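Please read the structure below before turning to the comments.
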Amino acid sequence: MPLSFTLQIPASTANLGAGFDCLGLALNLYNLLRVEPAPGLRVSIEGEGGDTLARSVNNRVVRAMQLGCAAMGKPLPPVSLQMTNRIPLARGLGSSAAAAVGGLLAANVYYDEPLSRDELLALATQIEGHPDNVAPALLGGFCVATMAEGKPVVLRLDFPPALRLVVFVPAAPLRTRQARGVLPAKVPRADAVFNLGRAALWVAALGERRFDLLPFATQDRLHQPYRFSLIPGSEQIIAAAIRAGAHGAFISGAGSSIAALADQSCAPIAAAMQDAAQTNGQHGHVLELQSDPTGARLQDEPGNRPL
Ligand code: HSE
């Protein structure tokens, strides 16, 4: 067992428009989790959530670590967990998936990695309820993630480094539970067909590097129309990004962030998104991000070993 180690876990954006609950992309924005031996459980948090997140067994990372330990038949070890959080909370950028993956990996690395990637993915999905953020957080890249016979089935694909993400992060958070609460239990068949074609187009367009098709692939009728009213200005920010040259734009995960795809200069798209936000009384900031190809990794290893 390594005495001390540091995990680096990426943010992620899910859905990417048409791929509700089944497409996700890892992003180059990271939470760090330093694990060191201690007389008992200690939790410290810097950065996002530093003032608000629990430092007890109610912390999401600790709960995930407990679940991982239970899956191995081991006790929660006496460790100090030092969290440096860079992923904004409740903004649709995969902070809770990163906490789940971080806690599970902390337990697994501590006990010399008895859990396989598939087992870690299944446990992380059990925590999150759907696999579309935890898959890229663990594996990196662009993930097609679905559930079959109660287990996550995931295919990881490379994401072209030339395609970057311009992300408007609103000042106001949106809880995933609230954003899922507005979704209808049943949808018209025409809407299901609309999304099926576009989600399939996403994956095919990526394989063929047909970025010109992404404005269609990122359209959605299954979740965004119901969520727009929860995120002031969101429709206008999406439209402004596309007018400024984005290859599609969408609500990131359950929101509240809005993400746009760019293969040239991000600056005009970022400015257009900020303008549209301001015009609609929405405050926030813009991040220019790239995909993360690796997923969660052990930082102290030579070359940052993926896990
Ligand atoms: N696919 C999920 C949703 C992502 O849109 O609700 C949030 O966890």
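In each ligand, atom 1 is the first atom listed, and ligand 1 is the first ligand listed. Nothing here was measured: the structure is a model prediction, and the numbers come from that model.
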State plainly whether the residues D21 and R180 are in salt-bridge range, i.e. N to O under 4.0 Å.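 Salt bridge present between D21 and R180.
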
D220 with R227: basic N within carboxylate O range, under 4.0 Å: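 No, this pair does not count.
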
Give the atoms of ligand 1, by number and element, whose distance to some non-hydrogen atom of [X] is under 4.0 Å.
{"X": "D21", "value": "1 (N), 2 (C), 3 (C)"}
{"X": "N133", "value": "4 (C), 7 (C), 8 (O)"}
{"X": "N15", "value": "1 (N), 3 (C), 5 (O)"}
{"X": "R180", "value": "1 (N), 2 (C), 3 (C), 6 (O)"}

Who's the nearest protein heavy-atom neighbour of atom 8 (O) of ligand 1, and how far?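 Sorting protein heavy atoms by distance from atom 8 (O) of ligand 1 puts H130 CE1, 2.8 Å first.
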
Using a cut-off of 6.0 Å, state whether more than 12 heavy atoms not belonging to R175 lie near its atom CZ. no

Counting only heavy atoms not in H285, do more than 12 fall under 6.0 Å of its NE2?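 Atom NE2 in H285 is packed in, count exceeds 12.
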
Please classify the [X] to ligand 1 contact at 4.0 Å (heavy-atom distances, strictly less than): side chain, backbone, both or neither.
{"X": "R227", "value": "side chain"}
{"X": "H223", "value": "neither"}
{"X": "D132", "value": "side chain"}

Decide yes or no for L7 and L298: does some side-chain heavy atom of the first lie under 4.5 Å from some side-chain heavy atom of the second? yes

Hey, what's the ring geometry for F159 with F142, parallel, tilted or perpendicular (30° and 60° as the breaks)? parallel

